[in-house]
Every structure is written in C-alpha cells, then in structure tokens.
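Everything on this sheet refers to the single structure shown next.
Because the structure is predicted, anything quoted here is derived from the model rather than measured. Order of the sequence lines sets the chain letters (A, B, ...), proteins ahead of strands, with each chain counted from 1.
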Amino acid sequence: MDSLNPAIARVLAAKEERRRRLAALPFPEKVRAVVRLQRMAAPVLRARGKRVRVWVLDRAEA
Amino acid sequence: MERTLHVLNRLERKGVLGRYAIGGAMAATFYAEPVLTFDLDIFIALPETAGGLLSLAPLYSALRQEGYAEENECVIIEGVPVQFLPVHGALLEEALKEARDTFYETTPTRVLRAEHLVAIALQTGRDKDLPARSRTTRRPKGYGPQGGFASAKAGHERVRLLREEATLDRDYLAEVLARHGLDARWKQWTP
C-alpha cells in the first residue's frame with residue numbers, strides 16, 4: 001500500500017488531535033459548541049424549508 | 001439547558017415522569033466531540049395510568065400548565081426543544097435504569113451510558129426494543145419507520161463516533177451486546 005503523503009498525514013493528525021481535544025471538553029462547553037453549530041447550520045436548513053430552532057441557553061439571549 | 005434540566009428534575013420529583021435520562025446526539029456529545037442536533041432527546045419511564053396504559057398526555061398537560069408549548073414532536077422547555085421518548089423494550093429499559101448520574105453545571109441529571117448508546121445505534125432498523133411512538137402513536141422525529149435511526153448511515157456514524165472517541169468499557173459493552181443479541185451486528189459493523 002502507498003504511504004500517506006507527509007503533508008496529508010500532518011493534516012489528518014491535527015484533525016484527530018482537535019477531535020480529541022473537543023471530546024475532552026466539559027459537557028456545558030460542548031453544549032455551547034453545539035449551539036454555535038446550530039447557529040451556523042440553521043440558515044442553510046431554513047433555506048431548504050426545514051424548521052429548526054436554535055437553543056437559548058441564557059435568559060439574556062431570549 | 002440547565003433551566004431545562006431543572007424543569008425535568010422537578011417533574012421527576014413530582015412523579016409526572018418515572019425516571020429520565022439524556023439520550024441521542026446530546027448524550028453522544030457528552031462522551032465525544034460536539035455533534036449538531038436541534039433536539040434534546042429525553043428517554044423517560046412513564047408512570048402507568050389506572051388502566052395500565054402508558055401515555056405522554058399527563059406529561060404534556062403538566063408542561064402546558066407551566067407555559068411550555070409544543071412544537072412539532074417537541075416541547076420547548078426554557079428555550080430548548082425537548083423530545084420525550086418513552087422507553088419500551090428490554091434494551092431501552094436497561095439503558096434508562098443504568099443511566100449515569102452526572103451534573104450539568106450544578107444541576108444533577110442523567111445520561112445514557114456510552115455502551116448503551118452504541119447498542120441502541122446497532123439496533124437500527126429492528127422492530128423490537130425501540131422508543132414507543134408518540135403520545136401513543138406518533139413517531140418521534142429523527143427516528144425511522146421502525147422507530148430506530150432515520151437511516152442506517154446515522155446509526156453507523158453514531159457507532160463510529162463513540163468507538164473512536166468515547167471511553168467504552170469493553171467488558172460491559174460485550175455483556176450488553178450479548179444480552180440483547182447484538183454481537184453479530186457489532187462484528188458486522190466493526191470489522
């Protein structure tokens with residue numbers, strides 16, 4: 001089997017490391033990250049006609 | 001989400017819910033990297049009614065009285081769409097019973113064990129041991145015609161995520177898979 005191009009191997013290793021770091025975050029921080037993902041995805045999904053609601057985590061956001 | 005969990009804890013104390021635990025994508029996020037979801041899946045044991053029926057109606061009614069509105073298959077509780085999934089069948093009953101106690105900030109809650117999340121994902125497409133539908137008949141959003149994941153791909157992705165990122169207790173997982181006849185599927189999905 002061909003060996004992986006070193007540049008690609010570095011990118012994959014960095015991605016792997018980032019996923020490990022994200023997985024190790026405390027749960028509330030992960031939930032905040034999910035809400036950030038919701039904010040990014042919601043306009044795209046709404047444009048496709050999907051009804052989605054971005055979570056409100058703090059009263060100040062309501 | 002902390003205020004949402006406060007409400008769930010209060011409902012559990014009042015006996016409107018028998019026992020609850022976070023499941024689905026948010027439970028997977030507890031063990032692995034954050035994954036996009038718009039619903040908070042809550043697996044629940046419902047107290048039996050006098051006639052022996054399990055119904056979400058008393059829960060929805062209690063939530064309505066507190067001012068929480070229904071939206072599609074969810075109830076919006078303190079800004080979070082919550083989807084209640086009554087457990088039904090051996091695997092889900094066991095998963096809820098053995099859910100892990102934890103805290104969200106300072107609020108106590110429960111999350112299904114990672115090993116059970118794997119087992120539930122493996123059951124995709126099977127008729128048995130799946131969330132009971134709706135108040136009595138409506139199918140929860142995100143679950144397929146048989147009540148499992150909307151697609152086999154989603155189930156595979158959940159297994160992959162947990163296998164690669166969660167700390168799985170391999171002995172416990174093996175016991176769960178054996179107990180629920182899922183070892184063959186595990187081998188098939190994880191060659």
Side-chain angles (χ1 to χ4, degrees), chain A, chain B residues 1-7 22 24-41 67-83 100-112 114 141-142 150 157 160-168:
Chain A
M1 202 170 85
D2 292 340
S3 61
L4 208 56
N5 176 313
I8 294 174
R10 269 198 304 279
V11 171
L12 293 178
K15 273 186 88 162
E16 186 58 40
E17 173 51 32
R18 182 171 177 275
R19 293 173 74 174
R20 259 200 300 273
R21 199 163 30 81
L22 286 169
L25 288 172
F27 191 35
E29 272 194 52
K30 291 184 187 181
V31 173
R32 283 191 280 275
V34 170
V35 173
R36 286 197 292 274
L37 290 173
Q38 290 175 349
R39 287 198 191 108
M40 288 189 271
V44 178
L45 294 170
R46 286 184 188 129
R48 284 196 218 147
K50 218 177 157 194
R51 289 181 61 189
V52 292
R53 177 188 281 267
V54 175
W55 295 10
V56 179
L57 293 183
D58 303 309
R59 279 182 207 277
E61 294 174 28
Chain B
M1 191 163 102
E2 190 163 31
R3 285 176 288 124
T4 309
L5 297 174
H6 269 294
V7 173
I22 298 170
M26 195 46 74
T29 289
F30 181 84
Y31 298 103
E33 67 181 297
V35 290
L36 177 64
T37 181
F38 285 92
D39 303 330
L40 177 62
D41 287 350
Y68 300 119
E70 292 167 48
E71 194 176 275
N72 302 320
E73 296 85 356
C74 296
V75 181
I76 312 301
I77 303 177
E78 297 295 334
V80 174
V82 177
Q83 183 163 31
R100 175 177 162 173
D101 289 307
T102 186
F103 281 88
Y104 182 89
E105 307 278 16
T106 58
T107 304
T109 187
R110 281 182 221 101
V111 180
L112 296 189
K141 194 179 73 184
E157 176 55 23
R160 185 205 58 77
L161 181 79
L162 292 166
R163 212 176 142 217
E164 288 180 6
E165 297 182 13
T167 307
L168 295 170

Chain B contact via A:L25 - side chain, backbone, both or neither, heavy atoms under 4.5 Å:
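Interface part for A:L25: neither.
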Please name the residue in the list B:D39, B:D41, B:V82 that meets the side chain to side chain contact (heavy atoms under 4.5 Å, CB included) test with B:C74.
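Testing each of B:D39, B:D41, B:V82 against B:C74, the sole residue satisfying side chain to side chain contact (heavy atoms under 4.5 Å, CB included) is B:D39.
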Part of B:L40 within contact of chain A (heavy atom distance under 4.5 Å):
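B:L40 touches chain A through backbone and side-chain heavy atoms alike.
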Under 4.5 Å heavy-atom distance to chain A, tell me which part of B:E164 shows up: side chain, backbone, both or neither.
side chain
Nearest-0.5 Å distance, [atom1] of residue [X] to [atom2] of residue [Y]:
| X | Y | atom1 | atom2 | value |
| --- | --- | --- | --- | --- |
| B:L161 | B:Y31 | CG | OH | 12.5 Å |
| A:R39 | A:W55 | CZ | CH2 | 12.5 Å |
| B:H6 | B:I77 | NE2 | CD1 | 13.5 Å |
| B:N72 | A:R53 | CG | CZ | 9.5 Å |
| B:T29 | B:E165 | OG1 | CD | 9.5 Å |
| B:Q83 | B:F38 | CD | CZ | 14.5 Å |

Top residue by heavy-atom pair count (under 4.5 Å) with chain A, among B:T102, B:I76, B:T4?
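With the most close heavy-atom pairs to chain A, the winner is B:I76.
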Would you mind listing every salt bridge (charged side-chain N to carboxylate O under 4.0 Å, His left out) that reaches into residues 22-35 of chain A, with sequence neighbours excluded?
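Only A:R32-B:E105 qualify under salt bridge (charged side-chain N to carboxylate O under 4.0 Å, His left out).
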Strictly less than 4.5 Å between heavy atoms, which residues of residues 12-24 of chain A line up against chain B? Please order them by number.
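Within residues 12-24 of chain A, the residues under 4.5 Å from chain B are A:R19, A:L22, A:A23.
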